[in-house]
Amino acid sequence: MNQYNNPLRTGEANMVTTDRYNPHGREPKWQKYWDQIGLLRAMEVQKDAGGQTRPNPKKAYILVMFPYPSGDLHMGHLKNYTMGDLLARFRTQQGYSVLHPFGWDAFGLPAENAALKFGVSPADWTFANIQQSTESLNLMGIRYDWSREVTTCLPDYYQWNQWIFLKMYEQGLAYRKKSYVNWDPVEQSVLANEQVIDGRGWRSGALVEKRELEQWYLKITDYAERLLSDLDTLPRWPEKVKAMQRAWIGKSTGAEFEFQVKGHAARIRVFSTRPDTIFGATFMVLAPEHELVAQITTPEQKAAVEAYVTAARLKSEVERQLEDREKTGVWTGVYALNPANGKEIPVWIADYVLAGYGTGAIMAVPGQDQRDWEFAEKFGLEIVRTVQPPPDFSGKAYLEDGPAINSDFLNGLYMDDAKKRIIAWMEGNGIGEGRVNYRLRDWLISRQRYWGTPIPMIHCERCGIVPVPYEQLPVELPTLRDVDEIRPKGKSPLAAHPEFYVCDCPQCGSQARRDTDTMDTFVDSSWYFLRYADALNPNQPFDPEKADFWMPVDQYIGGVEHAILHLLYSRFFTKFLHDIGLVQAQEPFEGLFTQGMVQGWTDVGEVEVSGETIQFKNLERRAKLEIPETLTLEEARKSGAELRTHDDGTVHFWKAATMSKSLGNGVMVGPFVREQGADIARITILFAAPPENEMIWTEEGVQGAWRFLNRVYRMVAEHLVELKAQGDHNPALLEGADKNLYQKLHQTIKKATEDIEALRFNTAIAALMELLNTMGEYRKEQGITPVYRHVVLCYLQMLAPFAPHLSEELWHQFHNASVFSAPWPRLDEAALVADSFELVVQVSGKVRGKTTVSAQASEDEIRRLARELPNVQQHIGGKEVLKEIYIPHKLLNIVVKG
RNA sequence: GCCGGGAUGGCGGAAUGGUAGACGCUACGGACUUAAAAUCCGUUGGGCGCAAGCCCGUGUGGGUUCGAGUCCCAUUCCCGGCACCA
């Protein structure tokens, strides 16, 4: 029997021989085998001994965020799928009923853009990619219950998007509204707030414009409070994701109240989190878009106000931000009356007040608000402090707590009391009331694009907006093959297709027009995890009973980039579906794990080094990888970059960067697995770093993985005959080296089980490596024994979720069944108790000696033994012993005077 | 500015308040080999010492404790997110 040869290393990539484990030949064999035995086929019910069916009491729903079908995959794509596969196999071994499904987030712009670029239809492009991606997953040994595959661009699926939309419409949660919306000039479509990052479209990167359009919205704001407070029910979510969602929902508590405009019937409503500071409100500010602006502005100020409003409207979000936050504004010419003290205060217009938040107007309290302070300073407005700052306070606006001053009946009260008092006063005098506000806005879901779910609504001249009757679902997306028909033109491409939009009104029967917009693709991904529970159901989105069996997802794995978008929308949809009685779960994902990216070494391009300074020739790459324009050799070295001399003599700058198609630094799955094997790839990914950290894929890491698996292979292969000849062992009768080995096994079982359950895969592998080292030492001295054989078999079981092919191959040398059908090794707690232990002896907190002590030794005896150690004696000297601290089975600390 | 997370050898990283550096990578030395690769053995935080052993060491400064990488206070830096949200 030969080594587990790395075919690439030995230059024998295509050599298949019978006497060596060649992953090239063996891995596909086991992959086929798993498919044949139905590994990871999810089962809701299980036969018990009496032939009755009953739900399996233990279920595990392991889910990895489904991808856009993007063709050939690289190792960066596969990290999370590998993790999901590992967990699914592990839970299978533990006897759980496992759901590990897969699908494709197939609608959306990538398909359209590819269609436009290559002149193929989005559907053809999508399905070709699905096929390629599936192949990569298969090669990696990743197994799913493919019978539940979900592809969102198929009517089987998206008809239920339409169904859910109609249900929301019935509940008043889907509505149409005319408003200023985010318009992406590159995508030629509107975007949701969540899809605008720093004022730019999240995919196109184009500066987003404001357009006034009538669009469909989902009323996620109705769920703001539950989306916020239920975050506290998710202890297995990363703190940072919860923090991001909290910030996005942006709850603030305060009051909403009104100011009378002097000489007008109009009142200005404002929201404030600090109503207690109302006596310090020395002016008011309206957003430029505020509806009262035109109404109240005096003729003298009209020209200035109009100019300001027009300018503000033309400015993009980014432009507003780039202007260094310098306050701008203009006076309307009118005054309002402060209801607290009757003072006349001027009403201004400024773009630091946002139209979309609160009421679009504020009372400005410069004494307690830094922005108002800056505005007041710039325009010479009055500043009155209403909270007493501490004597040493040297800032401008004072935001902290303190006793109220200049505030009539609030004087002396601290913030909380003052707030309560003023709100009671407002409510008593009909001026306003306490109120909670959220930053979260309703979700704009209309898109003026082709490749998405048609919105199931009909516009009838007589009846207005009429929902498509349920029995007419799905409203199918017509197949457009001509690229020009898909091209975005500022309105939906479907608006050019009467064969799609011309229809009869379901209410009056007259000719009507379908809505030609499609839904945001985030609708597709907001409930797909529920469809997996019952993916083939033709009558409803899913059978509630099946959903209740599987939900919630026990472990969800995906990228942190979805912290707000997908994860918030999914929580919203789940709560809605719960409310209409379709699922009991109120939260979709009980455990969430955000994995770190996979990086690869990347050629940033040729550089020239003059003295200490590095000069880049490929400026585009340099900028893309965010490398500073001027860089010294020292800085480059510190950042982990390397200069490499290429064969042609040129010097190139290399650094680790996230694997991506555009950088061309991805290690492609197909070629790698065919040459080196899937198990090696899996170990490389899982061992290199904790899974939440980014990992750098390196040749050295691959070598390490290979050496490890090679040693495992030889552990079995080199001693196969002897191993097979061993009989049973009796754990109770083990002694000496046998007992120690058995103990190490159970320590490893404990550690590996706990680590896998906590997704600490790197330390689980480290524990397996340690056990392998121990086994090697044992074998050298004891040879092959019954207990050794037992350890080998447990070893293969524990390795199986990490390196399934090799484990299955070796397991089959002993058993004629899958390693995944054998129960996970049971922990023998008794085995963890050793006969003896190493006592660490400290003198005044410093380690001065170690000695092996029998586990049965009494504490007195241990103290005596410790003092006998020569080095311990020396450090005690003749000094007085103050006290001794004994930690059983671990440590004795002798504290001496001086 | 606010919020979240960090800082441990040459590198990735281990350590329920109890032996800091598990496991691996790199590097170096050795065995095997005609040679190389692979494999195996050894060394690998710094300093002193022939050795036994000693001193120092987890960003920085304090504190709590018999004992601190771990807990507390302060501080610096790094990464991520948010940012005129009243």
Side-chain angles (χ1 to χ4, degrees), chain A residues 3 5-6 9-11 197-198 238-248 250-252 254 270-275 277 285 287 320-321 323 325-327 350-354 356-365 368-372 374-375 437-441 560-561 563-564 594 640 683 687-690 692-696 698-708 710-711 714 751 760 762-773 776 838-850 870-871 874-875 882-887 890-896:
Chain A
Q3 296 168 359
N5 263 321
N6 178 328
R9 294 283 119 201
T10 55
I197 315 287
D198 292 335
E239 210 43 58
K240 75 175 158 186
V241 174
K242 288 192 278 190
M244 283 163 76
Q245 291 211 356
R246 283 190 192 104
W248 185 260
K251 179 180 183 174
S252 39
V270 301
F271 171 75
S272 173
T273 53
R274 294 294 304 276
T277 63
V285 185
R320 282 195 188 186
Q321 280 169 23
E323 284 167 3
R325 302 285 156 90
E326 181 68 22
K327 295 284 181 293
D351 65 2
Y352 83 91
V353 172
L354 308 174
Y357 182 76
T359 61
I362 62 161
M363 68 167 184
V365 187
Q368 274 75 232
D369 185 290
Q370 187 59 33
R371 297 153 300 183
D372 296 345
E374 286 163 15
F375 195 84
N437 244 324
Y438 300 90
R439 286 181 56 197
L440 183 69
R441 317 289 161 77
V560 73
E561 67 274 16
I564 292 174
T594 52
I683 297 290
F687 182 62
E692 66 273 24
N693 289 12
E694 61 193 23
M695 62 118 0
I696 305 178
T698 61
E699 182 57 26
E700 289 79 13
V702 173
Q703 285 303 301
W706 172 62
R707 271 197 283 268
F708 169 52
N710 186 24
R711 291 176 64 204
R714 285 183 300 134
K751 172 111 177 102
R760 293 187 296 250
N762 57 326
T763 50
I765 293 173
L768 289 174
M769 288 173 166
E770 234 181 288
L771 177 57
L772 189 65
N773 293 341
E838 189 185 51
L839 177 75
V840 174
V841 185
Q842 297 182 335
V843 177
S844 294
K846 294 204 168 189
V847 178
R848 297 302 180 189
K850 298 168 192 176
N871 198 40
Q874 203 171 350
H875 281 90
L882 296 175
K883 59 171 148 177
E884 292 180 6
I885 288 121
Y886 178 57
I887 310 297
K890 223 170 223 169
L891 174 141
L892 179 72
N893 187 6
I894 302 168
V895 184
V896 297

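A quick note: this is a predicted structure, and the numbers were derived from the prediction, not measured. Here is how names work: the chains are called A, B, and so on, in the same order as the sequence lines, proteins then strands, and each is numbered from 1.
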Working for side chain to side chain contact (heavy atoms under 4.5 Å, CB included), residues A:Val560 and A:Lys240: CA-CA 9 Å; A:Val560 73; A:Lys240 75 175 158 186; 3.8 Å; yes
Atom pair CZ/CD of A:Phe375 and A:Gln370 - distance to nearest 0.5 Å: 14.5 Å
Find the distance between CG (A:Asp351) and NZ (A:Lys327) and round it off to the nearest 0.5 Å. 9.0 Å
Can you check the A:Asn437 CG to B:rA86 P distance for me, whole Å? 8 Å
Approximate separation, where rounding is to 0.5 Å, of A:Ile197 CD1 and A:Ile564 CD1: 7.5 Å
Checking all strands, does A:Pro690 fall into the base, sugar-phosphate, or nothing category for heavy-atom contacts under 4.0 angstrom? sugar-phosphate
Examine the base of B:rC84 for any acceptor or donor lying under 3.5 Å from a partner atom in the side chain of A:Lys327, and report the outcome as yes or no. yes
Apply salt bridge (charged side-chain N to carboxylate O under 4.0 Å, His left out) to A:Arg439 and list each qualifying residue two or more places apart in sequence or on a separate chain. none
Using the P atom as the point on both nucleotides, what is the distance between B:rA68 and B:rC3, in whole Å? 31 Å
Given B:rU39, B:rC66, B:rA86, the nucleotide with the shortest approach to the side chain of A:Lys883: B:rC66
Take the protein atom NZ of A:Lys846 and the nucleotide atom C1' of B:rG53, then report the distance between them rounded to whole Å. 14 Å
Let me spell it out: for each of A:Ala688 and A:Ser272, pick the nucleotide of RNA chain B with the closest heavy atom. Which residue's pick is nearer the 5' end? A:Ala688
Please report the distance separating the P of B:rG17 from the corresponding atom of B:rU70, rounded so that it comes out in whole Å. 11 Å
Distance in angstrom units between A:Lys242 NZ and B:rG4 P, rounded: 12 Å
With side chains defined as the heavy atoms from C-beta onward, is the minimum distance between A:Ile362 and A:Asp372 less than 4.5 Å? yes
Taking B:rG80 as the reference, what is the distance to B:rG13 when you measure between their P atoms (whole Å, please)? 15 Å
Any side-chain heavy-atom pair of A:Arg711 and A:Asn773 under 4.5 Å: yes
Phosphate OP1/OP2 of B:rG53 contacted by A:His875 side-chain N/O (<4.0 Å): no
Please give the distance between the C1' atoms of B:rU33 and B:rG45 as a whole number of Å. 35 Å
Quick one: A:Arg439 CZ to B:rC3 P, roughly how many Å, whole number? 15 Å
Under the salt bridge (charged side-chain N to carboxylate O under 4.0 Å, His left out) test, which residues partner A:Arg441, sequence neighbours left out? none
Taking the minimum atom-to-atom distance to the side chain of A:Asn710, which one of B:rA86, B:rU39, B:rG13 wins? B:rU39
Working to the nearest 0.5 angstrom, can you tell me the gap between A:Gln842 CD and A:Glu884 CD? 12.5 Å
Phosphate-side-chain proximity, A:Tyr352 and B:rA86, N/O vs OP1/OP2 below 4.0 Å: no
When the distance from CD of A:Gln370 to P of B:rC2 is rounded to whole Å, what number comes out? 13 Å
What's the gap between B:rG67 and B:rA20 when it is taken at their C1' atoms, as a whole Å value? 14 Å
Walk along nucleotides 42-51 of chain B from 5' to 3' and tag each nucleotide B, S or - by protein heavy-atom contact under 4.0 Å, base first, then sugar-phosphate. ----------
Given the P atoms of B:rC79 and B:rC73, what is the spacing between them in whole Å? 25 Å
Classify the ring geometry between A:Phe271 and A:Tyr357 as parallel (under 30°), tilted (30 to 60°) or perpendicular (over 60°). perpendicular
Under 4.0 angstrom, heavy atoms only, what part of the nucleic acid is A:Ala689 near: base, sugar-phosphate, or nothing? sugar-phosphate
Once you round it to whole Å, what is the distance between C1' of B:rG5 and CE of A:Met244? 12 Å
Reading nucleotides 15-29 of chain B 5' to 3', which nucleotides get B (base under 4.0 Å from a protein heavy atom), which S (sugar-phosphate only), which -? -B-BB--BBSSS---
Distance check, C1' atoms only: B:rU44 and B:rG24, in whole angstrom units. 14 Å
Would you give the length of the straight line joining atom CG of A:Leu891 to atom CG of A:Leu839, rounded to the nearest 0.5 angstrom? 7.0 Å
Upstream residue (5' side of RNA chain B) when A:Tyr438 and A:Arg848 are each assigned their closest nucleotide: A:Arg848
In dot-bracket notation, what is the pairing pattern of RNA chain B, taking Watson-Crick (N1-N3 plus N6-O4 or O6-N4) and G-U wobble (N1-O2 and O6-N3) contacts under 3.5 Å, with [ ] crossing and | for other strands? (((((((..(((.....[....))).(((((.......))))).((((....))))..(((((..]....))))))))))))....
Can you check B:rG17 for me, syn or anti if syn means within 90° of 0? anti
Tell me, please, which residues at least two apart from A:Glu694 pass salt bridge (charged side-chain N to carboxylate O under 4.0 Å, His left out). none
For A:Asn693 and B:rG80, give me the distance from atom CG to atom C1', rounded to whole Å. 13 Å
Begin with the C-alpha distance, continue with both residues' side-chain angles, and end with the deciding distance and a verdict on side chain to side chain contact (heavy atoms under 4.5 Å, CB included) for A:Tyr352 and A:Glu374. CA-CA 11 Å; A:Tyr352 83 91; A:Glu374 286 163 15; over 6 Å; no
Test side chain to side chain contact (heavy atoms under 4.5 Å, CB included) applied to A:Val896 and A:His875, step by step: CA-CA 9 Å; A:Val896 297; A:His875 281 90; over 6 Å; no
Rounding to an integer number of Å, can you tell me how far A:Glu694 CD sits from B:rG6 P? 15 Å
C1'-based separation of B:rG5 from B:rG53 [nearest Å]: 42 Å
